[in-house]
Amino acid sequence: MSAALQSQINGRVAELAAQLAATASRPWTLMEVCGGQTHAILRWGLDQLLPPGLRLIHGPGCPVCVTSAERIDAALELAVRPEVILCSYGDMLRVPGGAAGHDLLGARAAGGDVRLLTSPLQAIALAQACPERQVVFLAVGFETTAPATALLLRQARALGLTNLTVLLAHVRVAPAMAALLQEPGNQVQGFLAAGHVGAVMGTAELGQLVRRHRVPVVVTGFEPVDVMAALLRLVQLLEAGTPALANAYGRVVRQQGNGAAQALLKEVFAVVDQPWRGLGPIAGGGYELVAAYRDFDALLRFDLPPAAAAPPPEPLASPCISGLILQGRALPPDCPAFGSACTPERPLGAPMVSSEGACAAYHRYRRPAP
Ligand code: SF4
């Protein structure tokens, strides 16, 4: 980035921060849902420009962090089977599973065939290249990546592939926001919603959330000016006592979203209740395959149990407080292991593994002095 552009951004951010200070007449607690926004806030020090009393807490918007330990345990179980090639995105390979705390990289070291993909469609090439093996794709992510998994399955079906399945761990954001608001002791008074999810899903679900819970929501992006402008809009709505939905990311998000992506989701997935790691069961918080695609369900193909209603607790011996962090009830530096026992090189929990995790953001941009 050129120095001139940097200075222009800093100037605009400072201008918005001044407007924010002039607008906020009392304390407010706001949550940015998306891990990408958390990283932008920490990277640009936006939280340090806020007026006193305006508190930002970080939400559960990191799909790697909220993938249930049971799904990871299922992937670990499959990864060591000789007939299976287990593949997923890079961050998932380092996320610890349930009580034993193992990860997929460990399974690979133990002889499992675990491979890293950068696109789900690579699983098709893998299945075609290895017809004698069973390729299992651990599919994670929000509504942003779920359409690509749906496309993978549509193509696999069209090609008649019988050696490809998915271990489904896609999650839906709006139901998790609703669940947070219903938690006893909830502190969230307004949300910044993730622009990339809005680009796919549109704004209808968020509108329902606003009407049902009477909490303002502003959809925004990931650049510092986007985040600051959205914070200002959110505080304006709160100060005016107007629980409304605002779209501060109109250059990307349309009210109706992406129709083609939504049609793919509808063709392949049905909405189900799903456990989120750190949050527990979320009504309507995930997807399952519809009957026409159930042959591609790895749980059925390999006779593994479906996700239980309640996820198992974190291992008793672990100091990890990622559940509290994902609920916005603690910040990463509150964790006794932050930056000492837990680092990106030796993570104890998913928020330190993931490139979108809050612990990784604090470690990268606001690490305590050694
Ligand atoms: S710093 Fe590490 S141990 Fe602590 S909450 Fe974050 S991921 Fe868990």
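Everything numeric in this text was worked out from a predicted model, so none of it was measured.
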Start with the C-alpha gap between Val268 and Leu289, add the side-chain angles, then the distance that decides, and say whether side chain to side chain contact (heavy atoms under 4.5 Å, CB included) holds.
-> CA-CA 6 Å; Val268 177; Leu289 296 174; 3.9 Å; yes

Working for side chain to side chain contact (heavy atoms under 4.5 Å, CB included), residues Gln189 and Thr29 | CA-CA 6 Å; Gln189 294 170 293; Thr29 298; 3.8 Å; yes

Just do the side chain to side chain contact (heavy atoms under 4.5 Å, CB included) check on Val95 and Thr67 with the steps written out, would you?
-> CA-CA 9 Å; Val95 177; Thr67 297; over 6 Å; no

Step-by-step side chain to side chain contact (heavy atoms under 4.5 Å, CB included) determination, Leu164 to Leu152 = CA-CA 10 Å; Leu164 173 64; Leu152 160 74; 3.9 Å; yes

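Between Thr149 and Tyr287, every side-chain heavy-atom pair lies at or beyond the 4.5 Å cut-off. Contact annotation: the side chain of Arg212 never approaches that of Leu181 to less than 4.5 Å [non-hydrogen atoms, C-beta and beyond].
One hydrophobic cluster, built from ILVMFWY side chains closer than 4.5 Å, cannot hold both Leu300 and Phe269; they sit in different ones. Hydrophobic clustering keeps Val272 apart from Leu279 (ILVMFWY residues linked when any side-chain heavy atoms are closer than 4.5 Å, directly or through intermediates). Two different hydrophobic clusters hold Ile72 and Val80 under the rule that ILVMFWY side chains link at heavy-atom gaps under 4.5 Å.
When each of Leu238, Val218, Leu192 is checked for a side chain to side chain contact (heavy atoms under 4.5 Å, CB included) with Leu30, only Leu238 meets the rule. Looking at Leu16, Leu54, Leu56, Leu46 one by one, the single match for side chain to side chain contact (heavy atoms under 4.5 Å, CB included) with Leu231 turns out to be Leu56.
Between Phe222 and His196, the ring centre distance stays below 6.0 Å. Note: Phe191 and His213 fail the aromatic proximity criterion, with ring centroids not under 6.0 Å apart.
Within the 3.5 Å criterion, the main-chain N or O of Cys34 finds a donor-acceptor partner in the side chain of Thr38. Put simply, the side chain of Ser354 never gets that close to the backbone of Ala350: no donor and acceptor are under 3.5 Å apart. Side chain of Arg172 to main chain of Gly284: a donor-acceptor pair is present (N/O by atom type, distance under 3.5 Å, no hydrogens or angles). Distance alone, capped at 3.5 Å, is enough to place a donor-acceptor pair between the Arg71 side chain and the Leu168 backbone. For the pair Arg301 (side chain) and Asp295 (backbone), a donor-acceptor distance under 3.5 Å is present. A donor-acceptor pair under 3.5 Å is absent between the side-chain atoms of Gln134 and the main chain of Thr165, judged by distance alone. Although no hydrogens or angles enter the test, the distance criterion places no donor-acceptor pair under 3.5 Å between the side chain of Asp73 and the main chain of Gly97. Judged purely by atom type and a 3.5 angstrom limit, Glu288 has no side-chain atom pairing as donor or acceptor with the backbone of Ala270. Checked by atom type and distance alone, the side chain of Arg157 never pairs as donor or acceptor with a backbone atom of Phe296 at under 3.5 Å. Asp91 places a side-chain N or O within 3.5 Å of a backbone atom of Ser355 that can act as its donor or acceptor partner.
Other residues, nucleotides and ligands contribute over 12 non-hydrogen atoms within 6.0 Å of the CD atom of Glu267. In Arg294, the CZ atom is crowded: over 12 heavy atoms of neighbouring residues, nucleotides or ligands sit closer than 6.0 Å. In the displayed structure, Arg346 atom CZ is contacted under 6.0 Å by at most 12 heavy atoms of other residues, nucleotides or ligands.
Taken from CD in Glu205 to CE in Met177, the straight-line distance is 10.0 Å, to the nearest 0.5 Å. Considering CG of Asn186 and CE of Met31, their distance stands at 8.0 Å, rounded to 0.5 Å. Taken from CG in Asp113 to CZ in Arg133, the straight-line distance is 4.5 Å, to the nearest 0.5 Å. With rounding to the nearest 0.5 angstrom, the SG atom of Cys87 is 4.0 Å from the CG atom of Leu117.
Contact record, Phe142 with Pro60: CZ-O, 3.9 Å, taken as the closest heavy-atom pair. When all heavy atoms are compared, the tightest approach of Pro51 to Ala24 is CG-CB, 4.3 Å. Scanning both residues, Ser88 and Phe137, for their nearest heavy atoms gives CA-CE1, 4.0 Å. When all heavy atoms are compared, the tightest approach of Leu78 to Ala298 is CD1-CB, 4.4 Å. Taking all atoms of both residues into account, the shortest heavy-atom contact from Ile85 to Cys130 is CD1-SG, 3.8 Å. Shown here for Pro332 and Tyr362, the closest heavy-atom pair between the two residues is CG-CD1, 3.5 Å.
Under the rule for a ring pair (Phe, Tyr, Trp, His ring centres under 6.0 Å), Tyr293 has no partner lying at least two apart in sequence or in another chain.
Side-chain polar atoms of Ser25 and Glu239 form a donor-acceptor pair below 3.5 angstrom. Between Gln122 and Thr118, the side chains place a donor N or O and an acceptor N or O closer than 3.5 Å (distance only, hydrogens not considered).
Side-chain heavy-atom separations under 4.5 angstrom define the hydrophobic clusters, and the remaining members of the one that includes Leu324 are Ile321, Ile325.
In this structure, His39 and Tyr365 have perpendicular ring planes: the angle between them is above 60°, well past the 30° mark.
Using a 4.0 Å cut-off between charged nitrogen and carboxylate oxygen, Asp226 and Arg251 count as a salt-bridge pair.
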